[in-house]
Amino acid sequence: MAGAPMERADVVELGMRTVADFVSRAPGDPADTYALRLTSGTSGSGPVMVVRQFDPVQNARYYADASDIIAAFFGSRSTRLTQAMNMRKSGALRRHMLILDGGDVTPHIDTLLQQFAPDALLGLPSVMVKISSRMPADVRRGVKVIVAGGEHVGAAAQKYFLQQYPHARIDTFYGSSEVGVVAGACPYDPTTIYHPLPNTFIEIDDPDKDGVGDILVTKTIYRDQKVRRYRIGDMGKIIDGPCRCGESVSFEVVGRTGYDYIKLAGAILRREEFDRVALSLGEYISDYRAEAYIAGTVEESKGGIILSVFRKSSVLNTSELEQVRVLFAERLFISTTLTLAQAVLKGYFVPLEVVAVSQPFPKQSKDVTLRLRPS
């Protein structure tokens, strides 16, 4: 498909056209369903407002096999409202939905979750992981389906869900606020492999030797308005050959550009790998934030990482900070064969810096745990 990729600024203009057209047509055809969406702005230079058409029945198919009790843990109020409207327009005539976000994770929520007893969970993986610690074991055993969206589900989160919810299947979808859902998960590998929806075209821009590059999306979002080769803000790669589920086109999402998947000083930093190491150091790390940056001179640049660590029980002391610094660097792989500690010895990276944080990190609509410092 020819033509230069659409960037964030191009979609801002497209969004303005869709809003203007929607206002001029309002109230419009009652048979049409629209969503006025405002993006979070975490994956670009700022938020985007756009009107897009969507099918509530199609959107609700992920939890169609659940009964009438669903808990939604999306951080965005508009996203949670959209899910409530989806339920209202599809499925059973009477359904119950508990709409919560990360800020609702308090000791008082235990009783509420016990009484509500959801059989389906829908939301951001990071928020659902946090909420799970407050959910009684008997309630978790009653959950039949977990639908994750808005964030990449890493191996650590997937393992956690399977342990905490022994009777639940895990499903995911891929998309964004401005373009909607563009792909569904493969039933054989629902947290890794995606298949484009009908009339949606996926490309990888300028792939590296591993086939990883920016994901480009082509899709009609509103009447005759289409995003063409839109750089959605994530990195991914096309998987060669047909899938065992029968789909002919498959791709993998490796994470948000500059956040979940960062190329730096010849290394690749992946949020999933940071999560894995942080989980292995649970006695020291309740939550973390990592910032990658370029150190040194232009002629001899090196990679650098600052790790900020919060522990619920107490603030890390000096000796514990050193322990975390050594163990994290020894366990964190920044390539298939090289750890951060080895990269420091070879002169590719400066030593890891670890900082103790006394207060929990501020909550956002999406928890950004790894980011690249602007140069």
Side-chain angles (χ1 to χ4, degrees), residues 125-126 129-130 151-160 192 208-210 212 235 254-362 364 366-375:
S126 60
V129 167
K130 291 183 175 66
E151 294 174 345
H152 177 59
V153 181
Q158 182 181 11
K159 181 180 179 180
Y160 180 83
T192 305
D208 61 18
K209 61 182 178 61
D210 297 317
V212 176
M235 305 286 286
V254 299
R256 281 177 291 171
T257 306
Y259 295 90
D260 301 326
Y261 185 92
I262 299 173
K263 294 181 179 180
L264 182 73
I268 295 177
L269 309 182
R270 299 185 65 160
R271 172 179 173 171
E272 182 176 343
E273 175 65 5
F274 277 78
D275 287 347
R276 181 191 69 82
V277 178
L279 188 63
S280 74
L281 296 173
E283 62 180 301
Y284 301 109
I285 303 175
S286 300
D287 200 1
Y288 78 91
R289 296 293 183 269
E291 183 181 55
Y293 63 95
I294 295 293
T297 63
V298 175
E299 295 79 10
E300 190 177 353
S301 63
K302 298 181 180 182
I305 300 173
I306 299 176
L307 183 71
S308 300
V309 175
F310 169 71
R311 184 170 63 178
K312 291 181 180 179
S313 58
S314 61
V315 179
L316 295 176
N317 59 41
T318 303
S319 63
E320 290 173 326
L321 283 172
E322 178 61 17
Q323 184 81 339
V324 170
R325 189 189 71 80
V326 172
L327 292 177
F328 208 100
E330 289 178 347
R331 298 180 185 183
L332 182 75
F333 279 87
I334 60 175
S335 77
T336 55
T337 59
L338 191 69
T339 66
L340 176 58
Q342 292 168 334
V344 172
L345 291 176
K346 292 178 179 292
Y348 305 149
F349 270 67
V350 298
L352 175 67
E353 181 181 349
V354 181
V355 179
V357 176
S358 60
Q359 298 294 323
F361 296 104
Q364 301 176 329
K366 294 181 181 180
D367 283 340
V368 178
T369 57
L370 173 64
R371 70 168 66 241
L372 177 64
R373 179 191 298 173
S375 57

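Hydrogens, waters and symmetry mates play no part in the numbers below; they use all other heavy atoms, side chains included.
Closest approach of Ile262 to Leu372, counting heavy atoms only: CD1-N, 3.7 Å. Smallest separation of non-hydrogen atoms from Leu316 and Ala356: O-CB, 3.9 Å. Scanning all heavy atoms of the two residues, the minimum distance from Ala295 to Val350 falls at CB-CG1, 4.0 Å. Residues Ile334 and Leu269 come closest through the heavy atom pair CG2-CD2, 3.5 Å. Of all non-hydrogen atoms in Phe333 and Glu273, the two that sit nearest each other are N-OE2, 3.0 Å. Closest heavy-atom contact between Ala267 and Phe349: CB-CE1, 3.8 Å.
In terms of modelled atom types and a separation under 3.5 Å, the side chain of Glu320 and the main chain of Asn317 share a donor-acceptor contact. A donor-acceptor pair is defined here as one N or O able to donate and one able to accept, closer than 3.5 Å; such a pair exists between the side chain of Asp208 and the backbone of Asp210. With Ser286 contributing its side chain and Lys312 its backbone, the two residues share a donor-acceptor pair below 3.5 Å. At distances below 3.5 Å, at least one donor-acceptor pair connects side-chain atoms of Arg311 with backbone N or O atoms of Ser314.
Between Leu264 and Ile294 there is a side-chain heavy-atom pair separated by less than 4.5 Å. Between Leu338 and Tyr348, some side-chain heavy-atom pair lies under the 4.5 Å cut-off. Counting heavy atoms from C-beta on, the side chains of Ile268 and Arg270 come closer than 4.5 Å. The shortest side-chain heavy-atom distance between Arg256 and Arg271 falls under the 4.5 Å cut-off. Using a 4.5 Å heavy-atom cutoff, the side chains of Phe328 and Val309 are not in contact. Residues Ile305 and Phe274 meet the side-chain proximity criterion, which asks for heavy atoms closer than 4.5 Å. Residues Val324 and Leu307 meet the side-chain proximity criterion, which asks for heavy atoms closer than 4.5 Å. In this structure the side chain of Phe361 reaches within 4.5 angstrom of the side chain of Arg289, judged on heavy atoms.
For the pair Glu291 and Arg373, the salt-bridge criterion is met [side-chain N within less than 4.0 Å of a carboxylate O].
Distance CD/Gln342 to NZ/Lys346: 7.0 Å, rounded to 0.5 Å. Separation of atoms CZ (Arg325) and CG (Leu340) is listed at 9.5 Å; rounding is to 0.5 Å. Between the CZ atom in Phe310 and the CD atom in Gln359 there is a gap of 7.0 Å [rounded to 0.5 Å].
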- [ ] Check the pair Thr339, Leu332 against side chain to side chain contact (heavy atoms under 4.5 Å, CB included), reporting the backbone distance first and the verdict last.
- [x] CA-CA 5 Å; Thr339 66; Leu332 182 75; over 6 Å; no
